[in-house]
Number of protein chains: 2
Amino acid sequence: MKQEAKAGRKGAAGGPATLWDRTRQLASREILETALRLFTEQGYDETTIAQIAREAGVSQRTLFRYFGTKEELLGGDQDRFGRVLTEAVGGQPAGTGVWEALRAGVAAVLALHESRADALERFRLLHNTASLRAGRLEKQLRFQEELLPLVEERMGTARGGADPSARAVVATAFACLDAATATWVAGEGEDDLMDLYDRCLAAVRGGS
Amino acid sequence: MKQEAKAGRKGAAGGPATLWDRTRQLASREILETALRLFTEQGYDETTIAQIAREAGVSQRTLFRYFGTKEELLGGDQDRFGRVLTEAVGGQPAGTGVWEALRAGVAAVLALHESRADALERFRLLHNTASLRAGRLEKQLRFQEELLPLVEERMGTARGGADPSARAVVATAFACLDAATATWVAGEGEDDLMDLYDRCLAAVRGGS
DNA sequence: CGACCACTTGGCAGTGACTGCCAACCTGCG
DNA sequence: CGCAGGTTGGCAGTCACTGCCAAGTGGTCG
(Lines give C-alpha, C1' and ligand atoms only; values in the text may rest on other atoms or scores of the structure.)
Protein backbone atom coordinates (compact mmCIF):
# COMPACT_ATOMS: atom_id res chain seq x y z
CA MET A 1 0.00 0.00 0.00
CA LYS A 2 1.51 3.25 -1.07
CA GLN A 3 -0.89 5.67 0.56
CA GLU A 4 -1.15 5.35 4.31
CA ALA A 5 -4.79 4.85 5.12
CA LYS A 6 -6.71 2.72 2.71
CA ALA A 7 -9.79 4.86 2.23
CA GLY A 8 -7.96 8.13 2.00
CA ARG A 9 -10.23 11.08 1.43
CA LYS A 10 -8.18 13.89 0.03
CA GLY A 11 -10.05 16.65 1.72
CA ALA A 12 -11.62 19.39 -0.32
CA ALA A 13 -8.46 20.86 -1.76
CA GLY A 14 -7.31 20.00 -5.25
CA GLY A 15 -8.64 17.45 -7.68
CA PRO A 16 -8.33 13.79 -6.88
CA ALA A 17 -5.19 12.79 -8.72
CA THR A 18 -5.95 9.35 -10.04
CA LEU A 19 -9.09 7.71 -11.32
CA TRP A 20 -8.83 5.15 -8.57
CA ASP A 21 -9.13 7.73 -5.88
CA ARG A 22 -12.15 9.20 -7.58
CA THR A 23 -13.79 5.79 -7.83
CA ARG A 24 -13.03 5.07 -4.23
CA GLN A 25 -14.53 8.31 -3.11
CA LEU A 26 -17.61 7.64 -5.15
CA ALA A 27 -18.06 4.18 -3.75
CA SER A 28 -17.45 5.45 -0.25
CA ARG A 29 -20.09 8.12 -0.62
CA GLU A 30 -22.55 5.68 -2.13
CA ILE A 31 -22.10 3.25 0.74
CA LEU A 32 -22.36 5.97 3.34
CA GLU A 33 -25.57 7.38 1.93
CA THR A 34 -27.17 4.00 1.47
CA ALA A 35 -26.32 3.11 5.02
CA LEU A 36 -27.71 6.28 6.53
CA ARG A 37 -30.87 5.94 4.48
CA LEU A 38 -31.48 2.37 5.56
CA PHE A 39 -30.63 3.16 9.16
CA THR A 40 -33.17 5.92 9.38
CA GLU A 41 -35.75 3.95 7.42
CA GLN A 42 -35.68 0.73 9.37
CA GLY A 43 -33.38 1.28 12.31
CA TYR A 44 -29.75 0.46 12.93
CA ASP A 45 -30.09 -2.99 14.41
CA GLU A 46 -32.60 -4.05 11.78
CA THR A 47 -30.26 -3.18 8.94
CA THR A 48 -27.71 -5.82 8.03
CA ILE A 49 -24.38 -5.27 6.38
CA ALA A 50 -25.50 -7.62 3.63
CA GLN A 51 -28.41 -5.36 2.81
CA ILE A 52 -26.32 -2.21 2.71
CA ALA A 53 -23.75 -3.88 0.50
CA ARG A 54 -26.42 -5.19 -1.85
CA GLU A 55 -28.18 -1.87 -2.22
CA ALA A 56 -24.93 0.03 -2.55
CA GLY A 57 -23.75 -2.35 -5.25
CA VAL A 58 -20.61 -3.67 -3.61
CA SER A 59 -19.67 -6.89 -1.94
CA GLN A 60 -19.68 -7.23 1.81
CA ARG A 61 -15.99 -7.80 1.70
CA THR A 62 -15.40 -4.51 -0.05
CA LEU A 63 -17.71 -2.67 2.29
CA PHE A 64 -15.65 -3.85 5.21
CA ARG A 65 -12.54 -2.66 3.47
CA TYR A 66 -13.91 0.85 3.28
CA PHE A 67 -15.43 0.90 6.75
CA GLY A 68 -13.98 -1.44 9.27
CA THR A 69 -17.12 -1.69 11.39
CA LYS A 70 -20.83 -1.14 11.11
CA GLU A 71 -20.59 1.78 13.48
CA GLU A 72 -18.21 3.62 11.23
CA LEU A 73 -20.99 3.82 8.69
CA LEU A 74 -22.71 6.25 10.99
CA GLY A 75 -19.92 7.85 12.89
CA GLY A 76 -18.59 9.39 9.73
CA ASP A 77 -15.01 10.32 10.33
CA GLN A 78 -14.37 9.91 13.99
CA ASP A 79 -10.69 10.55 13.57
CA ARG A 80 -11.46 13.89 12.07
CA PHE A 81 -13.52 14.89 15.08
CA GLY A 82 -10.67 14.00 17.35
CA ARG A 83 -8.20 15.96 15.31
CA VAL A 84 -10.38 19.06 15.16
CA LEU A 85 -11.09 18.83 18.84
CA THR A 86 -7.51 18.59 20.01
CA GLU A 87 -6.39 21.23 17.56
CA ALA A 88 -9.03 23.66 18.71
CA VAL A 89 -8.27 23.10 22.36
CA GLY A 90 -4.53 23.15 21.89
CA GLY A 91 -4.72 26.21 19.68
CA GLN A 92 -6.21 28.43 22.34
CA PRO A 93 -3.87 31.13 23.65
CA ALA A 94 -1.92 30.21 26.72
CA GLY A 95 -3.80 32.52 29.02
CA THR A 96 -7.16 30.99 28.28
CA GLY A 97 -8.82 29.05 31.06
CA VAL A 98 -9.41 25.33 30.76
CA TRP A 99 -13.14 25.68 30.48
CA GLU A 100 -12.92 28.28 27.76
CA ALA A 101 -10.48 26.16 25.84
CA LEU A 102 -12.70 23.13 26.08
CA ARG A 103 -15.68 25.21 25.06
CA ALA A 104 -13.81 26.28 21.97
CA GLY A 105 -13.13 22.65 21.18
CA VAL A 106 -16.76 21.72 21.54
CA ALA A 107 -17.77 24.60 19.32
CA ALA A 108 -15.27 23.56 16.68
CA VAL A 109 -16.56 20.02 16.59
CA LEU A 110 -20.19 21.07 16.47
CA ALA A 111 -19.37 23.37 13.58
CA LEU A 112 -18.34 20.34 11.55
CA HIS A 113 -21.83 19.07 10.99
CA GLU A 114 -23.13 19.69 7.53
CA SER A 115 -26.63 20.79 8.39
CA ARG A 116 -28.81 21.00 11.44
CA ALA A 117 -31.20 18.41 10.01
CA ASP A 118 -28.41 15.99 9.22
CA ALA A 119 -26.94 16.35 12.68
CA LEU A 120 -30.33 15.85 14.28
CA GLU A 121 -30.87 12.69 12.26
CA ARG A 122 -27.56 11.24 13.32
CA PHE A 123 -27.89 12.25 16.94
CA ARG A 124 -31.36 10.81 17.10
CA LEU A 125 -30.08 7.47 15.90
CA LEU A 126 -27.15 7.72 18.24
CA HIS A 127 -29.29 8.42 21.27
CA ASN A 128 -32.07 5.95 20.56
CA THR A 129 -30.01 2.91 19.67
CA ALA A 130 -28.40 1.19 22.60
CA SER A 131 -25.71 -0.52 20.58
CA LEU A 132 -24.65 2.80 19.13
CA ARG A 133 -24.60 4.77 22.33
CA ALA A 134 -21.94 2.48 23.66
CA GLY A 135 -19.74 2.93 20.66
CA ARG A 136 -20.09 6.66 20.72
CA LEU A 137 -19.10 6.83 24.35
CA GLU A 138 -16.05 4.77 23.61
CA LYS A 139 -14.98 7.32 21.04
CA GLN A 140 -15.53 10.06 23.58
CA LEU A 141 -13.25 8.23 25.95
CA ARG A 142 -10.54 8.17 23.35
CA PHE A 143 -10.96 11.87 22.80
CA GLN A 144 -10.72 12.44 26.52
CA GLU A 145 -7.47 10.56 26.56
CA GLU A 146 -6.12 12.73 23.77
CA LEU A 147 -7.21 15.89 25.48
CA LEU A 148 -5.88 14.94 28.86
CA PRO A 149 -2.27 16.07 28.42
CA LEU A 150 -3.37 19.37 26.95
CA VAL A 151 -5.64 20.07 29.86
CA GLU A 152 -3.09 18.95 32.41
CA GLU A 153 -0.60 21.34 30.97
CA ARG A 154 -3.13 24.15 31.01
CA MET A 155 -4.06 23.44 34.60
CA GLY A 156 -0.53 23.04 35.77
CA THR A 157 -1.17 19.69 37.44
CA ALA A 158 1.08 16.68 37.38
CA ARG A 159 1.39 14.81 34.14
CA GLY A 160 -0.73 11.72 34.59
CA GLY A 161 0.09 11.41 38.21
CA ALA A 162 -2.29 10.85 41.05
CA ASP A 163 -4.19 14.08 40.55
CA PRO A 164 -7.59 13.37 39.03
CA SER A 165 -8.45 17.03 38.48
CA ALA A 166 -7.65 17.26 34.81
CA ARG A 167 -9.38 14.02 34.07
CA ALA A 168 -12.43 15.18 35.95
CA VAL A 169 -12.57 18.44 34.07
CA VAL A 170 -12.33 16.80 30.67
CA ALA A 171 -14.86 14.15 31.58
CA THR A 172 -17.22 16.81 32.84
CA ALA A 173 -16.98 18.75 29.63
CA PHE A 174 -17.99 15.67 27.70
CA ALA A 175 -20.72 14.86 30.18
CA CYS A 176 -22.17 18.31 29.65
CA LEU A 177 -21.93 17.94 25.91
CA ASP A 178 -23.78 14.68 26.27
CA ALA A 179 -26.49 16.16 28.42
CA ALA A 180 -26.80 19.05 26.01
CA THR A 181 -27.21 16.84 22.95
CA ALA A 182 -29.68 14.63 24.76
CA THR A 183 -31.81 17.64 25.58
CA TRP A 184 -31.32 18.96 22.09
CA VAL A 185 -32.56 15.77 20.50
CA ALA A 186 -35.46 15.55 22.92
CA GLY A 187 -36.47 19.05 21.89
CA GLU A 188 -36.25 18.17 18.19
CA GLY A 189 -33.29 20.47 17.71
CA GLU A 190 -35.14 23.66 18.41
CA ASP A 191 -32.70 25.11 20.90
CA ASP A 192 -29.16 26.04 20.14
CA LEU A 193 -26.78 23.28 21.07
CA MET A 194 -24.03 25.60 22.21
CA ASP A 195 -26.53 27.40 24.39
CA LEU A 196 -27.55 24.16 26.01
CA TYR A 197 -23.93 23.29 26.60
CA ASP A 198 -23.39 26.56 28.38
CA ARG A 199 -26.43 26.03 30.52
CA CYS A 200 -25.20 22.58 31.44
CA LEU A 201 -21.88 23.92 32.55
CA ALA A 202 -23.59 26.67 34.47
CA ALA A 203 -25.76 24.15 36.26
CA VAL A 204 -22.72 22.15 37.24
CA ARG A 205 -20.29 24.86 38.17
CA GLY A 206 -22.58 27.67 39.11
CA GLY A 207 -25.43 27.13 41.56
CA SER A 208 -25.72 24.74 44.45
CA MET B 1 -41.64 -19.19 34.49
CA LYS B 2 -42.91 -18.83 38.00
CA GLN B 3 -40.18 -16.68 39.47
CA GLU B 4 -39.66 -13.38 37.70
CA ALA B 5 -36.07 -13.34 36.64
CA LYS B 6 -34.64 -16.61 35.52
CA ALA B 7 -31.45 -16.55 37.53
CA GLY B 8 -33.04 -15.27 40.65
CA ARG B 9 -30.67 -14.86 43.53
CA LYS B 10 -32.65 -14.74 46.70
CA GLY B 11 -30.50 -12.24 48.47
CA ALA B 12 -28.90 -13.11 51.76
CA ALA B 13 -32.06 -13.63 53.77
CA GLY B 14 -33.47 -17.08 54.35
CA GLY B 15 -32.34 -20.43 53.05
CA PRO B 16 -32.77 -21.29 49.40
CA ALA B 17 -36.12 -23.03 49.33
CA THR B 18 -35.81 -25.67 46.66
CA LEU B 19 -32.95 -27.84 45.47
CA TRP B 20 -33.27 -26.29 42.05
CA ASP B 21 -32.50 -22.86 43.33
CA ARG B 22 -29.50 -24.17 45.20
CA THR B 23 -28.23 -25.91 42.08
CA ARG B 24 -28.76 -22.83 40.01
CA GLN B 25 -26.88 -20.69 42.48
CA LEU B 26 -24.02 -23.15 42.51
CA ALA B 27 -23.79 -23.27 38.75
CA SER B 28 -24.01 -19.52 38.55
CA ARG B 29 -21.19 -19.05 40.99
CA GLU B 30 -19.08 -21.65 39.22
CA ILE B 31 -19.53 -19.95 35.87
CA LEU B 32 -18.82 -16.52 37.31
CA GLU B 33 -15.63 -17.60 39.00
CA THR B 34 -14.38 -19.50 36.00
CA ALA B 35 -15.03 -16.52 33.79
CA LEU B 36 -13.27 -14.04 36.03
CA ARG B 37 -10.32 -16.36 36.37
CA LEU B 38 -9.95 -16.84 32.63
CA PHE B 39 -10.45 -13.15 31.95
CA THR B 40 -7.67 -12.11 34.26
CA GLU B 41 -5.44 -14.95 33.11
CA GLN B 42 -5.64 -14.43 29.36
CA GLY B 43 -7.69 -11.30 28.79
CA TYR B 44 -11.31 -10.70 28.02
CA ASP B 45 -11.20 -10.75 24.24
CA GLU B 46 -8.99 -13.81 24.18
CA THR B 47 -11.41 -15.82 26.27
CA THR B 48 -14.23 -17.45 24.37
CA ILE B 49 -17.61 -18.41 25.70
CA ALA B 50 -16.92 -21.95 24.60
CA GLN B 51 -13.89 -22.11 26.83
CA ILE B 52 -15.69 -20.74 29.86
CA ALA B 53 -18.54 -23.13 29.36
CA ARG B 54 -16.20 -26.09 28.95
CA GLU B 55 -14.17 -25.29 32.07
CA ALA B 56 -17.26 -24.52 34.10
CA GLY B 57 -18.83 -27.79 33.07
CA VAL B 58 -21.95 -26.49 31.40
CA SER B 59 -23.06 -26.15 27.83
CA GLN B 60 -22.80 -22.85 26.01
CA ARG B 61 -26.55 -22.79 25.75
CA THR B 62 -26.95 -23.02 29.49
CA LEU B 63 -24.31 -20.41 30.11
CA PHE B 64 -26.25 -18.01 27.94
CA ARG B 65 -29.36 -18.77 29.90
CA TYR B 66 -27.69 -17.71 33.12
CA PHE B 67 -25.93 -14.69 31.69
CA GLY B 68 -27.40 -13.15 28.62
CA THR B 69 -24.15 -11.68 27.37
CA LYS B 70 -20.44 -12.09 27.79
CA GLU B 71 -20.25 -8.75 29.51
CA GLU B 72 -22.60 -9.83 32.23
CA LEU B 73 -19.99 -12.36 33.28
CA LEU B 74 -17.88 -9.50 34.49
CA GLY B 75 -20.37 -6.85 35.39
CA GLY B 76 -21.76 -9.03 38.07
CA ASP B 77 -25.18 -7.83 38.91
CA GLN B 78 -25.62 -4.56 37.13
CA ASP B 79 -29.28 -4.39 38.06
CA ARG B 80 -28.31 -4.53 41.68
CA PHE B 81 -25.98 -1.59 41.28
CA GLY B 82 -28.75 0.40 39.74
CA ARG B 83 -31.16 -0.49 42.49
CA VAL B 84 -28.73 0.39 45.25
CA LEU B 85 -27.82 3.62 43.54
CA THR B 86 -31.34 4.90 43.08
CA GLU B 87 -32.36 3.77 46.53
CA ALA B 88 -29.45 5.55 48.13
CA VAL B 89 -30.05 8.75 46.24
CA GLY B 90 -33.79 8.66 46.66
CA GLY B 91 -33.46 7.83 50.32
CA GLN B 92 -31.63 11.00 51.23
CA PRO B 93 -33.64 13.43 53.32
CA ALA B 94 -35.50 16.06 51.38
CA GLY B 95 -33.31 18.91 52.48
CA THR B 96 -30.13 17.34 51.17
CA GLY B 97 -28.50 19.01 48.21
CA VAL B 98 -28.21 17.23 44.89
CA TRP B 99 -24.50 16.78 45.10
CA GLU B 100 -24.66 15.32 48.57
CA ALA B 101 -27.38 12.95 47.51
CA LEU B 102 -25.41 11.79 44.51
CA ARG B 103 -22.33 11.40 46.65
CA ALA B 104 -24.28 9.15 48.95
CA GLY B 105 -25.32 7.07 45.98
CA VAL B 106 -21.77 6.71 44.78
CA ALA B 107 -20.64 5.72 48.25
CA ALA B 108 -23.36 3.11 48.48
CA VAL B 109 -22.38 1.52 45.19
CA LEU B 110 -18.70 1.51 45.99
CA ALA B 111 -19.48 -0.15 49.29
CA LEU B 112 -20.89 -3.11 47.40
CA HIS B 113 -17.57 -4.43 46.26
CA GLU B 114 -16.40 -7.46 48.11
CA SER B 115 -12.79 -6.53 48.56
CA ARG B 116 -10.40 -3.87 47.41
CA ALA B 117 -8.37 -6.41 45.46
CA ASP B 118 -11.41 -7.80 43.74
CA ALA B 119 -12.62 -4.37 42.77
CA LEU B 120 -9.21 -3.41 41.47
CA GLU B 121 -9.10 -6.55 39.36
CA ARG B 122 -12.46 -5.83 37.82
CA PHE B 123 -11.81 -2.15 37.27
CA ARG B 124 -8.49 -2.89 35.67
CA LEU B 125 -10.14 -5.20 33.18
CA LEU B 126 -12.89 -2.69 32.64
CA HIS B 127 -10.52 0.14 31.94
CA ASN B 128 -8.04 -1.73 29.80
CA THR B 129 -10.41 -3.57 27.49
CA ALA B 130 -11.98 -1.40 24.85
CA SER B 131 -14.93 -3.67 24.25
CA LEU B 132 -15.76 -3.59 27.93
CA ARG B 133 -15.43 0.11 28.45
CA ALA B 134 -18.21 0.67 25.97
CA GLY B 135 -20.56 -1.68 27.73
CA ARG B 136 -19.85 -0.18 31.09
CA LEU B 137 -20.59 3.28 29.84
CA GLU B 138 -23.87 2.08 28.45
CA LYS B 139 -24.84 0.84 31.86
CA GLN B 140 -23.89 4.17 33.34
CA LEU B 141 -26.21 5.82 30.88
CA ARG B 142 -29.06 3.65 32.01
CA PHE B 143 -28.33 4.56 35.60
CA GLN B 144 -28.30 8.20 34.67
CA GLU B 145 -31.71 7.81 33.12
CA GLU B 146 -33.02 6.20 36.29
CA LEU B 147 -31.54 8.90 38.45
CA LEU B 148 -32.76 11.74 36.32
CA PRO B 149 -36.29 12.09 37.73
CA LEU B 150 -34.98 11.93 41.28
CA VAL B 151 -32.50 14.68 40.63
CA GLU B 152 -34.99 16.81 38.76
CA GLU B 153 -37.32 16.63 41.67
CA ARG B 154 -34.59 17.54 44.08
CA MET B 155 -33.50 20.46 41.94
CA GLY B 156 -37.00 21.66 41.33
CA THR B 157 -36.54 21.85 37.57
CA ALA B 158 -39.07 20.83 34.97
CA ARG B 159 -39.71 17.14 34.53
CA GLY B 160 -37.84 16.19 31.38
CA GLY B 161 -38.46 19.47 29.72
CA ALA B 162 -35.99 21.66 27.94
CA ASP B 163 -33.84 22.28 30.99
CA PRO B 164 -30.61 20.31 30.75
CA SER B 165 -29.46 21.16 34.27
CA ALA B 166 -30.46 17.96 35.98
CA ARG B 167 -29.06 15.85 33.20
CA ALA B 168 -25.83 17.76 33.33
CA VAL B 169 -25.50 17.30 37.06
CA VAL B 170 -26.09 13.57 36.92
CA ALA B 171 -23.77 13.14 33.98
CA THR B 172 -21.10 15.12 35.77
CA ALA B 173 -21.36 12.95 38.84
CA PHE B 174 -20.73 9.89 36.72
CA ALA B 175 -17.96 11.62 34.84
CA CYS B 176 -16.23 12.35 38.13
CA LEU B 177 -16.71 8.79 39.28
CA ASP B 178 -15.14 7.68 36.04
CA ALA B 179 -12.21 10.00 36.38
CA ALA B 180 -11.77 8.88 39.96
CA THR B 181 -11.74 5.18 39.13
CA ALA B 182 -9.38 5.76 36.22
CA THR B 183 -6.95 7.50 38.53
CA TRP B 184 -7.51 4.87 41.16
CA VAL B 185 -6.65 2.05 38.78
CA ALA B 186 -3.65 3.94 37.44
CA GLY B 187 -2.40 4.26 41.01
CA GLU B 188 -2.88 0.55 41.69
CA GLY B 189 -5.66 1.28 44.14
CA GLU B 190 -3.49 2.99 46.69
CA ASP B 191 -5.65 6.06 47.18
CA ASP B 192 -9.14 6.02 48.56
CA LEU B 193 -11.70 6.00 45.80
CA MET B 194 -14.16 8.19 47.63
CA ASP B 195 -11.38 10.66 48.27
CA LEU B 196 -10.56 10.80 44.62
CA TYR B 197 -14.20 11.32 43.80
CA ASP B 198 -14.36 14.29 46.13
CA ARG B 199 -11.25 15.76 44.63
CA CYS B 200 -12.74 15.36 41.16
CA LEU B 201 -15.86 17.21 42.16
CA ALA B 202 -13.81 19.89 43.82
CA ALA B 203 -11.77 20.34 40.67
CA VAL B 204 -14.90 20.73 38.63
CA ARG B 205 -17.03 22.84 40.88
CA GLY B 206 -14.46 24.61 42.93
CA GLY B 207 -11.57 26.45 41.31
CA SER B 208 -11.31 28.13 37.94
C1' DC C 1 1.09 -0.09 -27.98
C1' DG C 2 1.66 -3.95 -25.11
C1' DA C 3 3.38 -6.00 -20.97
C1' DC C 4 3.92 -5.74 -16.36
C1' DC C 5 2.91 -4.32 -11.69
C1' DA C 6 0.16 -2.30 -8.00
C1' DC C 7 -3.90 -2.16 -6.21
C1' DT C 8 -8.65 -3.39 -5.78
C1' DT C 9 -12.47 -6.49 -5.82
C1' DG C 10 -15.41 -10.46 -4.80
C1' DG C 11 -16.27 -14.90 -3.08
C1' DC C 12 -15.57 -18.39 0.27
C1' DA C 13 -14.75 -20.34 4.41
C1' DG C 14 -14.19 -19.63 9.22
C1' DT C 15 -14.67 -17.46 14.09
C1' DG C 16 -17.21 -15.79 17.85
C1' DA C 17 -21.30 -14.01 20.18
C1' DC C 18 -25.92 -14.97 20.50
C1' DT C 19 -30.90 -17.07 19.52
C1' DG C 20 -34.74 -20.38 18.53
C1' DC C 21 -36.11 -24.87 18.57
C1' DC C 22 -36.59 -29.50 20.12
C1' DA C 23 -35.80 -33.69 22.56
C1' DA C 24 -34.20 -35.58 26.91
C1' DC C 25 -34.07 -34.92 31.67
C1' DC C 26 -34.85 -33.92 36.53
C1' DT C 27 -37.35 -32.09 40.57
C1' DG C 28 -41.36 -31.32 43.20
C1' DC C 29 -46.03 -32.64 44.04
C1' DG C 30 -50.13 -35.12 44.33
C1' DC D 1 -45.81 -43.93 40.73
C1' DG D 2 -46.83 -40.66 37.39
C1' DC D 3 -47.54 -36.25 35.93
C1' DA D 4 -46.54 -31.39 35.05
C1' DG D 5 -43.26 -27.56 34.94
C1' DG D 6 -38.87 -26.16 34.78
C1' DT D 7 -34.05 -27.21 33.08
C1' DT D 8 -30.48 -28.79 30.14
C1' DG D 9 -27.83 -29.71 25.96
C1' DG D 10 -27.24 -29.97 21.15
C1' DC D 11 -28.02 -28.30 16.63
C1' DA D 12 -28.73 -25.18 13.24
C1' DG D 13 -28.97 -20.53 11.99
C1' DT D 14 -27.99 -15.22 12.08
C1' DC D 15 -24.90 -11.48 12.07
C1' DA D 16 -20.58 -8.84 12.38
C1' DC D 17 -16.12 -9.42 11.01
C1' DT D 18 -11.46 -11.57 9.10
C1' DG D 19 -8.03 -14.18 6.20
C1' DC D 20 -7.11 -16.10 1.99
C1' DC D 21 -6.96 -16.53 -2.82
C1' DA D 22 -8.29 -15.91 -7.55
C1' DA D 23 -9.73 -12.71 -10.60
C1' DG D 24 -10.08 -7.96 -12.67
C1' DT D 25 -8.69 -3.04 -13.57
C1' DG D 26 -5.92 1.25 -13.61
C1' DG D 27 -1.38 3.15 -14.07
C1' DT D 28 3.21 2.98 -15.87
C1' DC D 29 7.27 1.80 -18.17
C1' DG D 30 9.84 -0.05 -22.03
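Proteins get letters first, then strands, A, B, ... in listed order; numbering begins at 1 in each. Side chains included, hydrogens not; waters and symmetry mates left out as well; all remaining heavy atoms used.
Spacing between atom CD1 of A:I31 and atom P of C:dT8 amounts to 14 Å, rounded to whole angstrom units. Distance B:Q60 CD to D:dA12 P: 14 Å, rounded to the nearest Å. Between the CG atom of B:L26 and the P atom of D:dT8 there is a distance of 12 Å, given to the nearest Å. Note: CG (B:L73) to C1' (C:dA17) measures 12 Å, nearest angstrom. Here C:dC18 presents its C1' atom at 13 Å from CG of A:D45, a figure rounded to the nearest Å. Remark: C1' of D:dC15 and NZ of A:K70 are 8 Å apart, rounded to the nearest angstrom. In this structure, B:E30 atom CD and D:dT8 atom P are separated by 14 Å, rounded to whole Å. If you take CD of A:E72 and P of D:dT18, they are 10 Å apart, rounded to a whole angstrom.
Closest approach to the B:F64 side chain among C:dA17, D:dC20, D:dT8 is made by C:dA17 (side chain taken as heavy atoms from C-beta onward). Between D:dT8, C:dT8, C:dC18, one nucleotide has an atom nearer to the side chain of A:R24 than all others, and that is C:dT8. Considering only side-chain atoms of B:R61, the nucleotide from C:dA17, C:dT9, C:dG20 that sits closest is C:dG20.
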Given salt bridge (Lys or Arg N to Asp or Glu O under 4.0 Å), test B:E41 with B:R37 step by step and report yes or no. CA-CA 6 Å; B:E41 274 178 20; B:R37 177 172 56 82; 3.5 Å; yes
Could you please spell out the steps behind the salt bridge (Lys or Arg N to Asp or Glu O under 4.0 Å) verdict for B:E121 and B:R116? CA-CA 9 Å; B:E121 200 64 68; B:R116 194 145 290 217; over 6 Å; no
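In this structure the side chain of A:L147 reaches within 4.5 angstrom of the side chain of A:L102, judged on heavy atoms.
Taking the six-membered ring where the residue is Trp, A:F123 and A:W184 present perpendicular rings, their angle passing 60° and hence far from 30°. Aromatic ring pairs are classed by plane angle as parallel below 30°, tilted from 30° to 60° and perpendicular above 60°; the pair A:F39 and A:Y44 is tilted.
Counting only N and O atoms by type, the side chains of A:D178 and B:Q144 include no donor and acceptor under 3.5 Å apart.
Counting non-hydrogen atoms under 4.0 angstrom, B:T23 reaches nothing in the nucleic acid.
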Between the protein and nucleotides 22-27 of chain C, list every N/O to N/O distance that falls short of 3.5 Å.
from: C:dT27; atom 1: O4'; to: B:W20; atom 2: NE1; distance (Å): 2.9

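Regarding contacts with the backbone of C:dG10, a side-chain N or O of A:S59 is found under 4.0 angstrom from either OP1 or OP2. Within the 4.0 Å cut-off from OP1 or OP2 of D:dT7, not a single side-chain nitrogen or oxygen of B:Y66 is found.
For the segment residues 47-58 of chain A, the set of residues with a heavy atom within less than 4.0 Å of an atom of DNA chain D comprises A:T47, A:T48, A:I49, in numerical order.
Other residues, nucleotides and ligands place no more than 12 heavy atoms under 6.0 Å from the CZ atom of B:R29.
Sorted by first then second residue, the side chain to side chain donor-acceptor pair (under 3.5 Å) pairs that include residues 187-199 of chain B, not counting sequence neighbours, are B:R103-B:D198, B:R124-B:E188.
Between A:R142 and A:E138, at least one side-chain nitrogen of the basic residue sits less than 4.0 Å from a carboxylate oxygen of the acidic one, meeting the salt-bridge criterion.
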